[in-house]
Number of protein chains: 4
Amino acid sequence: MIICMKQGAPRTQADHVIKAVEDAGLEPAPLFGTERTVIAVLGDERELDMKKFKAMEGVENVMPVLRPYQLVSRESHQGDTIVDFGNGVKIGGKEDIAIMAGPCSVETEELIMDVAEHVKQKGAQFLRGGAFKPRTGPYSFQGHGEEALKWMKKAGEKTGLKVVTEVLDTQHVDMMYDYIDMYQVGARNMQNFELLKALGRKDKPVLLKRGMSAKFNEFLLAAEYIAKEGNSKIVLCERGIRTFCGYSRNTIDINVIPWVKKMSHLPIILDPSHGTGSYEMVQPIAMAGVAAGADGIMMEVHPRPEQAWSDGDQSIKYDTLDTVLDGIHKIAEVVRK
Amino acid sequence: MIICMKQGAPRTQADHVIKAVEDAGLEPAPLFGTERTVIAVLGDERELDMKKFKAMEGVENVMPVLRPYQLVSRESHQGDTIVDFGNGVKIGGKEDIAIMAGPCSVETEELIMDVAEHVKQKGAQFLRGGAFKPRTGPYSFQGHGEEALKWMKKAGEKTGLKVVTEVLDTQHVDMMYDYIDMYQVGARNMQNFELLKALGRKDKPVLLKRGMSAKFNEFLLAAEYIAKEGNSKIVLCERGIRTFCGYSRNTIDINVIPWVKKMSHLPIILDPSHGTGSYEMVQPIAMAGVAAGADGIMMEVHPRPEQAWSDGDQSIKYDTLDTVLDGIHKIAEVVRK
Amino acid sequence: MIICMKQGAPRTQADHVIKAVEDAGLEPAPLFGTERTVIAVLGDERELDMKKFKAMEGVENVMPVLRPYQLVSRESHQGDTIVDFGNGVKIGGKEDIAIMAGPCSVETEELIMDVAEHVKQKGAQFLRGGAFKPRTGPYSFQGHGEEALKWMKKAGEKTGLKVVTEVLDTQHVDMMYDYIDMYQVGARNMQNFELLKALGRKDKPVLLKRGMSAKFNEFLLAAEYIAKEGNSKIVLCERGIRTFCGYSRNTIDINVIPWVKKMSHLPIILDPSHGTGSYEMVQPIAMAGVAAGADGIMMEVHPRPEQAWSDGDQSIKYDTLDTVLDGIHKIAEVVRK
Amino acid sequence: MIICMKQGAPRTQADHVIKAVEDAGLEPAPLFGTERTVIAVLGDERELDMKKFKAMEGVENVMPVLRPYQLVSRESHQGDTIVDFGNGVKIGGKEDIAIMAGPCSVETEELIMDVAEHVKQKGAQFLRGGAFKPRTGPYSFQGHGEEALKWMKKAGEKTGLKVVTEVLDTQHVDMMYDYIDMYQVGARNMQNFELLKALGRKDKPVLLKRGMSAKFNEFLLAAEYIAKEGNSKIVLCERGIRTFCGYSRNTIDINVIPWVKKMSHLPIILDPSHGTGSYEMVQPIAMAGVAAGADGIMMEVHPRPEQAWSDGDQSIKYDTLDTVLDGIHKIAEVVRK
């Protein structure tokens with residue numbers, strides 16, 4: 001931690017800060033410059049609320065030096081985390097690019113079965129689909145709930161696909177456990193800390209979607225919540241952030257992919273369906289994500305998007321899926337060989 | 001709903017869209033322009049997923065015409081909603097400006113009692129304080145939980161202050177009910193829809209803080225979730241949004257105050273502590289909020305901010321509180337007479 | 001400047017950085033922590049490109065300590081700058097709140113004369129109006145240019161109002177000089193550095209509008225460009241920044257007003273017309289701005305907004321102007337007594 | 001244009017709007033719904049200021065239907081624009097991926113010559129470098145100006161590279177003409193409309209960088225300014241937008257690449273140096289850009305970034321350039337075959 005005093009702050013104010021640092025069990029190293037005093041602080045600042053120093057008289061600014069996350073940090077772990085789903089399905093490292101595909105909502109048993117068979121045949125390893133839907137408005141379809149989970153489980157068993165679906169509330173965590181292969185935390189719940197803790201106490205993998213306004217450290221600290229409780233099977237997912245650009249549903253922060261690779265050992269995948277909001281952009285952006293180093297792609301697929309109960313505009317059709325996967329795999333060959 | 005076809009889209013594509021509109025039980029009114037066909041749609045579009053039309057061939061864009069929220073809309077309700085807490089404490093309309101003050105975290109029983117007595121004496125009607133703390137990182141103090149609620153209740157009973165505190169999880173809703181006077185939904189949970197529904201089934205007022213990246217409609221639709229379940233005692237709260245400006249913790253969207261007044265009958269208050277992140281800015285921004293029409297101000301107050309367990313940098317001291325309240329009341333006299 | 005080395009960076013890398021700091025004429029003060037080496041740097045870092053240190057091997061981050069602006073900094077100047085326009089018209093400090101009013105575009109001589117007389121009578125000190133219009137699209141009305149300047153000058157002479165209008169290009173600076181009392185730099189040109197330099201070499205006041213995506217330091221550094229050339233008659237203007245909120249034209253960053261007061265001696269005014277984009281919000285937001293400490297308000301006024309050639313939706317009518325000014329002056333009495 | 005009346009707006013208000021539409025020479029098509037009246041307007045709305053209708057009583061909202069840009073629109077031009085620089089160097093369509101490389105600032109003649117020879121040998125077609133530098137602060141190096149242009153021209157002639165450099169002011173346009181092959185408009189000047197017009201009257205290609213807060217339509221309308229004056233040799237460039245994410249210098253809006261391809265016939269390139277601000281991210285992001293469909297990549301290259309006068313942290317070294325180009329070309333083979 002670095003504490004910058006205000007210009008012209010009297011020596012007594014600096015002395016108070018120095019004493020407060022010592023009282024907190026850390027070692028102050030003051031530097032008295034010509035314009036300003038700077039107090040460098042040695043020791044672990046992470047368990048401490050740094051804001052209290054900013055409340056002291058004469059303090060201009062307090063800057064952290066250490067990264068606030070630990071378990072998910074690249075510094076804490078040799079090599080890349082590879083999340084293993086059994087039957088040879090893995091995400092991370094140099095493993096095959098992971099493909100998660102399926103409808104936005106699990107509308108009917110027939111639909112999910114049909115999509116599952118189609119995407120399996122095309123090479124996907126995961127079936128996605130919403131049973132509990134976090135809809136912006138209360139008058140929109142809210143999902144079929146547990147009934148839909150049963151259909152998904154059946155589709156997963158029939159096809160061998162791993163099932164991934166969103167969990168909205170701590171009260172659903174146990175109930176969902178037996179139906180699914182991976183819990184998904186949606187963007188709106190990335191900082192639902194009680195939910196993160198509950199998932200951290202399970203042994204099933206968690207797909208953690210980045211919040212719409214999550215800074216990098218916040219994203220990794222959400223993962224840290226899960227890891228701290230004991231569950232290290234975490235896959236991160238970039239799905240677009242909220243910016244001033246209105247032409248696409250969200251703005252994909254493509255930079256975050258190499259930055260996660262640099263700062264963390266966790267795998268990261270990209271969701272071009274939510275990240276763009278437009279079926280026409282899924283292919284180029286999926287390919288861009290793989291080129292940037294993503295370990296997988298999650299896509300919304302629907303046989304008849306114009307009849308979908310939700311997100312029809314960003315769902316691709318079966319025949320488009322072929323083209324998209326072809327593009328993804330060609331890029332993956334270049335970057336993941 | 002207005003559906004714009006692409007330039008040069010053939011008539012057959014427009015015909016498909018027209019038929020789909022009819023199939024959805026709505027009435028299409030197509031206009032064949034020289035450059036583009038536009039299909040206006042009469043009828044209630046709100047229960048429908050408009051995105052499905054955007055998935056149809058030849059469609060360029062789909063624009064809603066009706067506001068997606070109903071119960072919380074100004075159009076649905078004559079006059080302003082006034083939330084009544086008993087003992088003459090009310091928020092909204094031409095009622096006195098509401099003052100909510102207290103520490104960020106309920107650190108000890110002594111602290112909360114001391115703050116309660118002080119802020120009561122200065123004219124606050126509400127005691128705020130965190131029992132369950134949604135902290136960005138898992139290594140930060142997470143709050144004393146139910147124990148802290150007991151202290152708050154005692155402080156409320158002793159001083160006559162109404163108690164408002166944050167609820168983080170559906171599993172805490174019932175337990176908290178008897179301790180508090182108002183549930184607070186934090187910014188990170190504004191779209192925790194299961195939590196909103198659970199609070200909608202209670203009869204206690206809800207303080208709904210705007211999410212950091214919440215658009216206007218999303219903010220009002222979150223309130224609509226609560227209202228739809230039967231609870232209309234809702235107070236909105238602007239606490240700053242996330243922008244590129246790094247100098248303040250958040251950017252207060254001051255425009256939202258008059259816009260809420262125009263579009264909704266619900267009261268809205270401002271939180272200048274989180275909205276600025278700096279004790280030095282609380283006064284001018286609190287005054288600005290009242291001038292813009294806010295029905296109340298929520299502030300973090302601490303006797304010794306430099307020892308606070310959280311948010312010390314944005315908490316004001318007791319003597320500053322006097323000055324801040326003086327400024328607030330002078331402005332309130334001008335705008336709320 | 002503080003240079004943080006990466007965790008585990010070998011001592012030789014730190015030694016290279018230390019040497020580079022010395023070569024740059026600064027004094028390094030290295031601190032060898034258990035996890036990380038931090039090199040504090042004493043001396044003036046402002047003339048130096050700090051990024052070069054970030055390019056060195058083993059460097060994780062480089063943080064500035066000194067503020068990058070000097071002449072416009074509160075630290076460099078006792079008291080508030082008061083910009084004097086003659087005839088008792090001044091902006092800043094405890095001077096009367098400045099009112100700048102007029103149409104978006106100077107459409108006709110009759111219009112500008114009519115508006116000038118009206119706003120003068122209501123107590124405005126400045127006439128605003130666009131002669132050169134920076135329009136988003138090339139097919140929109142681009143302004144009458146020098147002809148409009150002549151009309152404005154005439155209106156200023158007749159009414160005693162000071163004339164403020166936007167300058168778009170360095171080639172117009174000299175030509176405009178005799179027609180106007182204050183150059184306005186629009187948001188889109190806040191970082192048109194050649195224009196800033198040219199205005200810095202003039203002795204007329206400059207109204208510097210904040211760019212839509214300008215960070216705080218960038219805003220003050222734009223002012224520093226003007227000041228460095230010798231012109232210290234600078235008035236800052238907040239007119240809204242670009243955010244994800246689409247319901248208002250821009251998002252007013254109300255926090256910037258007290259922050260400018262803290263960090264700089266320059267006056268700052270607010271433009272609620274561009275900051276909201278809606279005539280219905282001008283009054284509450286103008287009042288909020290004054291409550292937050294703004295030294296003036298700039299507003300678009302038009303006798304018939306529904307016929308305005310530009311910005312009709314955010315222009316207020318004559319009768320609304322009365323109400324708005326009444327509100328502004330009541331708040332000003334509270335905060336500027 | 002679609003004009004939505006407020007709910008409950010009386011028929012007389014709608015009639016006024018209908019008449020105003022007719023007076024503007026357009027054809028109104030009113031639809032009287034149960035909740036609201038909607039007035040669709042047939043005819044070309046682009047030369048009109050739509051905001052004036054929003055100023056009319058009873059109007060809730062006005063929505064454009066036509067795209068505001070014309071010449072640069074995909075609808076106006078069959079096929080892709082290919083900008084031809086002579087000697088077989090072209091950008092756009094299925095042409096080879098364009099590589100623009102060079103230092104941030106043209107520091108010395110030796111430097112630019114050295115870099116030019118190196119990047120030419122590696123396969124770049126363009127030499128970039130700043131002669132006039134738009135620096136955030138006035139105390140930073142502002143570029144060598146015309147002297148640097150002479151060195152660049154010499155380097156271009158010696159190596160056969162095409163020279164591209166930034167123009168900051170209308171007064172430099174003529175002087176620069178003979179030294180360079182392509183004018184660059186920087187992000188800060190994207191809406192310097194006088195500059196755009198001046199370049200539109202030249203016959204040299206223009207590289208138009210997207211402004212940090214430019215919406216899609218604003219980006220294309222800036223290009224339209226150039227095209228309207230007669231110069232259609234325009235290459236767009238995405239270089240990152242300003243968002244709340246602080247970890248990278250800017251946030252690359254990767255979505256804009258396929259969206260430009262859909263909406264316009266102009267080529268678009270990506271600048272991963274400014275878009276990330278970090279030499280470590282240049283390779284994966286350059287590859288992502290090509291995968292998304294970019295027609296070229298612009299990169300900052302410096303033999304000794306730790307001694308660069310500007311942007312050292314985002315400049316790659318010579319040996320890194322080899323790896324980056326290898327990655328780019330492998331991806332280009334997949335997507336541009």
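Just so it is clear, the values below take in all heavy atoms, side chains as well, and ignore hydrogens, waters and symmetry mates.
For the options B:Gln171, B:Arg304, B:His16, B:Met56, heavy-atom pairs under 4.5 Å to chain A are most numerous at B:Gln171. The greatest number of non-hydrogen atom pairs below 4.5 Å with chain B, out of A:Ala55, A:Pro138, A:Ser310, is found for A:Pro138. Between chain B and the residues A:Tyr225, A:Trp309, A:Tyr69, the most heavy-atom pairs under 4.5 angstrom are made by A:Tyr225. The residue among A:Val62, A:Asn189, A:Asn192 with the most heavy atom pairs within less than 4.5 Å of chain B is A:Asn192. Considering only heavy-atom pairs separated by less than 4.5 Å from chain B, the leading option among A:Gln314, A:Lys197, A:Met190 is A:Lys197. Heavy-atom pairs under 4.5 Å with chain A were tallied for B:Gln142, B:Arg242, B:His302; the largest tally goes to B:Arg242. If you tally non-hydrogen atom pairs under 4.5 Å between each of B:Lys215, B:Glu57, B:Gln307 and chain A, the highest count goes to B:Lys215. The greatest number of non-hydrogen atom pairs below 4.5 Å with chain A, out of B:Glu306, B:Lys317, B:Lys51, is found for B:Lys51.
Here the closest heavy-atom approach between residue A:Gly137 and residue B:Leu221 is recorded as CA-CD2, 4.0 Å. Residue B:Lys54 comes nearest to A:Tyr279 through the heavy atom pair O-CE2, 4.1 Å, listed as atom of the first residue, atom of the second, then distance.
A donor-acceptor pair shorter than 3.5 Å cannot be found between the side chains of B:Glu218 and A:Thr136. Looking at A:Gln70 and B:Tyr139, their side chains never bring a donor and an acceptor atom within 3.5 Å of each other.
Proximity to chain B is limited to the side chain of A:Glu280, based on heavy atoms less than 4.5 angstrom apart. When heavy atoms are compared at a cutoff of 4.5 Å, A:His172 approaches chain B solely by way of its side chain, counted from C-beta outward. Heavy atoms closer than 4.5 Å to chain B are found in both the backbone and the side chain of A:Thr170. Contacts of A:Pro305 with chain B are made by both backbone and side-chain atoms, with heavy-atom separations under 4.5 Å.
Rounding to the nearest 0.5 Å gives a distance of 10.0 Å between CG of B:Asp313 and CG of A:Asn61.
A 6.0 Å sphere centred on CD of B:Glu22 holds more than 12 heavy atoms belonging to other residues, nucleotides or ligands.
Under the 4.0 Å criterion applied to side-chain N and carboxylate O atoms, B:Lys52 and A:Glu107 are not assigned as salt-bridge partners. In summary, A:Arg135 and B:Asp49 engage in a salt bridge, as defined by a charged side-chain N under 4.0 Å from a carboxylate O.
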